[in-house]
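Contents: one structure, followed by commentary.
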There are 2 protein chains.
Amino acid sequence: MFFLKELPSRQMVDGYADQFADVDVDRVLDALRLMRRASLLIRELEAYFARHDLSQLRFLMMILIDREPERNCLAASEIAERLDVSRPVVTRTLQGLERAGLIAISENSEDARSRNVTLTLSGKAKLDEVLPGYFAILHRPDPAADK
Amino acid sequence: MFFLKELPSRQMVDGYADQFADVDVDRVLDALRLMRRASLLIRELEAYFARHDLSQLRFLMMILIDREPERNCLAASEIAERLDVSRPVVTRTLQGLERAGLIAISENSEDARSRNVTLTLSGKAKLDEVLPGYFAILHRPDPAADK
DNA sequence: TTCCTTTAGTTATCATGCTAACTATATAAT
DNA sequence: ATTATATAGTTAGCATGATAACTAAAGGAA
């Protein structure tokens with residue numbers, strides 16, 4: 001995360017960048033602004049989800065399952081793949097969701113190593129509960145409101 | 001953080017958003033792209049810093065001190081304020097930097113509660129070591145390379 | 001079949017973010 | 001002067017990210 005409040009001025013970046021060749025100061029400042037704005041947005045989303053006993057990751061996993069057209073279930077490995085998050089994080093997060101009753105985990109008859117993950121009714125209800133606020137936060141013009 | 005690989009299509013967002021009023025689908029997709037790109041960039045920076053026994057936060061703290069015009073030192077509370085990070089995180093990170101010999105922490109003669117933080121020579125050297133690679137990562141066009 | 005490699009998932013451990021609750025000092029109010 | 005409040009910093013404990021190292025099952029090659 002990147003929460004630096006006052007981004008460096010162009011002069012300051014110049015000051016550092018002068019010591020090295022080929023630094024595009026505008027691009028650096030753009031990248032800093034990008035990280036700052038996204039970090040604030042992510043922090044806000046996490047706080048929102050926490051108030052609903054969720055996290056962004058929990059939410060995204062549920063969305064991924066819900067999104068699944070026919071099967072209405074997913075293997076844990078498919079979730080890890082699509083979310084681009086490490087396996088242990090997937091394992092732990094799924095365990096939490098199961099303990100919370102939001103998903104159900106069952107054996108896969110074709111591959112004993114694999115687990116099928118399904119949304120419970122409670123899980124679907126949780127999605128409905130959370131989605132409006134989610135969109136409200138996302139579609140706000142600039143959560144950073146940098147001055 | 002937000003690492004969802006395949007962002008939802010406009011149709012999919014529409015599908016969810018239709019159930020609620022006033023959702024600007026383009027704005028939602030923009031926000032998702034923003035978070036994804038920044039998350040990848042932050043992850044890359046953290047990995048880079050980790051290879052130098054730093055973290056983005058450690059780096060930013062050192063930059064803040066180095067940036068300081070005359071005093072060449074900062075109070076911990078000022079660091080917390082400028083970085084917009086919780087106090088305990090500042091405490092812990094400063095302790096780590098001190099143990100690593102990159103900063104020095106001294107008492108403040110005017111306020112017994114406060115601590116003055118200074119960069120050591122080793123700390124300044126570390127900044128020089130790390131800055132070129134930092135700019136190189138930041139000024140890359142689009143680290144996400146979202147197809 | 002036996003052995004080797006790959007894949008699915010877990011456990012253990014660490015780093016970094018948070019809040020709540022604490023100590024200690026400084027400052028303001030009475 | 002005493003009491004109350006605010007500020008600086010720490011500690012404890014939780015959540016979420018990561019890697020490394022593990023078990024177990026599947027698949028391929030000898």
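Chain naming here is simple, since letters A, B, ... match the order of the sequence lines and numbering starts at 1 in each.
- At whole-Å resolution of the value, CE in B:M35 and P in D:dG17 are 13 Å apart.
- The CG atom of B:N108 sits 15 Å away from the C1' atom of C:dA24 (whole-angstrom rounding).
- One atom, CG of A:L57, and another, P of C:dG17, lie 18 Å apart when rounded to the nearest Å.
- To the nearest 0.5 angstrom, A:I105 atom CD1 is 8.0 Å from A:L97 atom CG.
- Between the base of D:dG9 and the side chain of B:R92 there is no donor-acceptor pair shorter than 3.5 Å.
- Residue A:T91 places none of its side-chain N or O atoms closer than 4.0 Å to OP1 or OP2 of C:dT11.
- Atom-to-atom, CG of B:L94 to C1' of D:dG9 comes out at 10 Å; the value is rounded to the nearest Å.
- Distance CZ (A:R87) to C1' (D:dG17): 16 Å, rounded to an integer number of Å.
- The residue A:S114 sits close only to the backbone: its heavy atoms come under 4.0 Å of sugar-phosphate atoms, none of a base.
- Of the residues listed (A:R115, A:R87, A:R82), the one engaging A:S77 in a side-chain contact (heavy atoms from CB on, under 4.5 Å) is A:R87, and it is the only one.
- Within the 4.0 angstrom heavy-atom criterion, no nucleotide atom of any strand lies near A:V90.
- Both A:R113 and B:D111 sit near DNA chain C, but only A:R113 has its closest nucleotide nearer the 5' end.
- When the side-chain nitrogen and oxygen atoms of B:S86 are compared with OP1 and OP2 of C:dT19, none of them lie within a distance under 4.0 Å.
- Per the geometry, CZ belonging to A:R115 stands 11 Å off C1' belonging to D:dA25, to the nearest Å.
- B:Q56 comes within 4.0 angstrom of no nucleic acid atom, judged by non-hydrogen atoms across all strands.
- Each of A:M1 and B:E110 has a nearest nucleotide on DNA chain C; the 5'-most of these lies closest to A:M1.
- Between A:Q95 and C:dT11, a side-chain N or O to OP1/OP2 separation shorter than 4.0 Å is present.
- Between B:V13 and B:V28, the closest heavy-atom pair is CG1-CG1, 4.0 Å.
- Going from atom CD1 of B:I42 over to atom P of D:dA18 covers 13 Å, rounded to whole Å.
- A cation-pi arrangement is present between A:R43 and A:F3, with the terminal nitrogen or guanidinium carbon under 6.0 Å from the aromatic centre and inside a 45° cone about the axis.
- Put simply, CD on B:E46 and CG on B:L57 are 8.0 Å apart, with the number rounded to the nearest 0.5 Å.
- Checking the phosphate oxygens (OP1, OP2) of C:dT16, a side-chain nitrogen or oxygen of B:S55 falls inside 4.0 Å.
- As a whole-Å value, the separation of A:L83 CG from C:dG9 P is 14 Å.
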